[in-house]
There are 2 protein chains.
Amino acid sequence: MNSPVEALDYVEDCSAPAMGPLGDSRYLCSVEEAARIVGQKWTLQIVNVLMDFGECRFCVLQSALGGVNPSTLSARLKKLEEEGIVAREQLSSMPPHVVYRLTDMGSHLSGVINELTSWSRTWLCAGIAEPTAS
Amino acid sequence: MNSPVEALDYVEDCSAPAMGPLGDSRYLCSVEEAARIVGQKWTLQIVNVLMDFGECRFCVLQSALGGVNPSTLSARLKKLEEEGIVAREQLSSMPPHVVYRLTDMGSHLSGVINELTSWSRTWLCAGIAEPTAS
DNA sequence: ACGAAGCGCTACATTTGTTGTAGCATGGGG
DNA sequence: CCCCATGCTACAACAAATGTAGCGCTTCGT
């Protein structure tokens with residue numbers, strides 16, 4: 001990767017938390033990995049919609065997300081499927097539809113979504129406007 | 001554009017939350033807004049580093065994040081500053097340094113980071129086994 | 001005092017990602 | 001048979017991120 005040494009040098013002068021014997025930037029590996037997934041443009045929104053709706057068809061996701069372009073949505077869903085967050089299911093029923101839903105792994109992102117929602121309500125919605133008619 | 005009507009039709013059959021007369025995808029505004037911020041490539045990592053280190057100089061952030069390119073980091077920090085998540089402080093002390101730190105708003109993202117971390121530990125680090133498609 | 005070096009960036013060309021619009025294959029309905 | 005909806009894919013155009021270079025400033029070594 002790079003040299004996190006300088007960072008750590010600095011850290012010891014600052015108020016860095018005591019980190020494990022790993023001692024390198026690995027300490028943030030967990031968030032880093034998750035951030036790579038979550039820090040993609042539509043990931044969080046997709047997960048959120050899937051969480052609320054339970055399961056979605058492609059076109060429903062598209063419109064629920066405000067008209068994402070199908071290429072992007074397709075790519076993102078494919079990636080999320082690879083990562084085990086979303087499951088794709090082909091219903092061979094009468095109208096042969098495709099349905100996307102969250103896996104266990106994906107469902108467990110609810111904590112993140114919830115935290116994000118409450119943060120948003122406190123800091124984003126609260127002072128600005130009245131988007132939530134609750 | 002397309003027609004979000006189908007989405008709502010679908011929604012009412014599924015477990016969608018009761019949404020106002022707005023009738024479109026606005027119902028997820030809170031997460032949507034937050035996702036726009038958090039769903040940027042380096043935002044979460046920056047917040048995480050700032051949260052751990054307390055305060056950081058530019059170059060420290062750069063190395064801690066694994067060598068992000070300075071243009072991107074600069075742009076992201078500027079944006080985060082505008083949004084009120086990060087505060088920039090110019091220290092006029094002996095070596096005139098610049099320090100970045102989280103504002104209250106930014107600090108309150110800790111819940112998100114924590115959830116993300118524990119999710120990551122459970123599903124990314126710990127069990128790289130199989131994603132059980134529920 | 002002069003040059004080198006570190007810091008906090010900015011500039012610019014290249015690469016990557018996202019968007020808009022079109023279109024294809026499949027199946028259903030008129 | 002034609003036309004439409006669904007679930008995508010294709011492709012050009014635009015935007016964002018990257019790599020590399022460099023600037024202005026200041027401090028340090030000599």
Side-chain angles (χ1 to χ4, degrees), chain A residues 1-3 5-7 9-10 13-14 32 35-46 49-50 53 55-82 86-101, chain B residues 1-10 32 35-46 49-50 53 55-82 86-101:
Chain A
M1 287 277 265
N2 60 347
S3 56
V5 184
E6 297 122 34
D9 277 333
Y10 197 80
D13 292 340
C14 291
E32 205 178 332
R36 252 193 272 280
I37 294 173
V38 154
Q40 298 244 100
K41 199 164 193 185
W42 292 102
T43 301
L44 230 34
Q45 285 101 317
I46 291 172
V49 171
L50 251 29
F53 287 17
E55 61 182 34
C56 277
R57 286 191 280 148
F58 190 89
C59 65
V60 174
L61 269 169
Q62 214 177 304
S63 48
L65 293 173
V68 213
N69 136 8
S71 315
T72 307
L73 182 54
S74 180
R76 197 63 68 248
L77 285 171
K78 215 163 278 178
K79 198 86 184 295
L80 287 172
E81 204 188 342
E82 278 175 26
V86 162
R88 198 186 109 113
E89 196 178 347
Q90 181 123 18
L91 300 183
S92 298
S93 59
M94 220 24 239
H97 287 151
V98 176
V99 175
Y100 294 93
R101 67 180 65 196
Chain B
M1 273 291 271
N2 48 12
S3 52
V5 183
E6 295 125 32
L8 286 215
D9 278 332
Y10 199 81
E32 205 178 330
R36 252 193 272 279
I37 295 173
V38 153
Q40 297 244 98
K41 200 160 192 187
W42 292 101
T43 301
L44 230 34
Q45 285 101 318
I46 290 172
V49 170
L50 250 30
F53 287 17
E55 61 183 34
C56 277
R57 286 190 281 149
F58 191 90
C59 65
V60 174
L61 269 170
Q62 214 178 306
S63 48
L65 292 173
V68 211
N69 135 6
S71 315
T72 307
L73 182 53
S74 181
R76 196 61 69 248
L77 285 170
K78 215 163 278 178
K79 197 84 184 295
L80 287 172
E81 203 187 344
E82 277 176 28
V86 162
R88 198 188 109 114
E89 197 179 347
Q90 182 123 18
L91 300 184
S92 298
S93 57
M94 222 27 238
H97 286 150
V98 176
V99 174
Y100 294 94
R101 66 180 67 194

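Just so it is clear: chains get the letters A, B, ... in the order the sequence lines come, proteins before strands, and each one is counted from 1.
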[X] side chain near [N] phosphate (N/O to OP1/OP2, under 4.0 Å):
X	N	value
B:Arg57	C:dC9	no
B:Tyr100	C:dC7	no
A:Arg76	C:dT18	yes
A:Ser71	D:dT9	no
A:Lys78	D:dC8	no

Separation of [X] atom [atom1] from [N] atom [atom2], in whole Å?
X	N	atom1	atom2	answer
A:Ile46	C:dT18	CD1	C1'	13 Å
B:Leu91	D:dC25	CG	C1'	16 Å
A:Asn69	D:dA13	CG	P	16 Å

For A:Arg36 and A:Glu32: C-alpha separation, side-chain torsions, deciding distance, then whether salt bridge (Lys or Arg N to Asp or Glu O under 4.0 Å) applies.
CA-CA 6 Å; A:Arg36 252 193 272 280; A:Glu32 205 178 332; 3.6 Å; yes

Results of salt bridge (charged side-chain N to carboxylate O under 4.0 Å, His left out) for A:Glu89 - residues two or more places apart only:
A:Arg101

Identify which nucleotide among D:dG7, C:dT19, D:dT20 has an atom closest to any side-chain atom of A:Thr72, counting heavy atoms from C-beta outward.
C:dT19

Measuring from the side chain of A:Arg88 (C-beta onward, heavy atoms only), which nucleotide among C:dG8, D:dC8, D:dA21 has the closest atom?
D:dC8

With a 4.5 Å limit on heavy-atom distance, are the side chains of A:Leu73 and A:Phe58 in contact?
yes

Are the side chain of A:Ser63 and the backbone of A:Cys59 linked by a donor-acceptor contact shorter than 3.5 Å?
yes

Need to verify one output field. Residue with the more 5' nearest nucleotide on DNA chain C, A:Pro70 or A:Gln40?
A:Gln40

5' precedence on DNA chain D between A:Ser74 and A:Lys41 (nearest-nucleotide basis)
A:Ser74

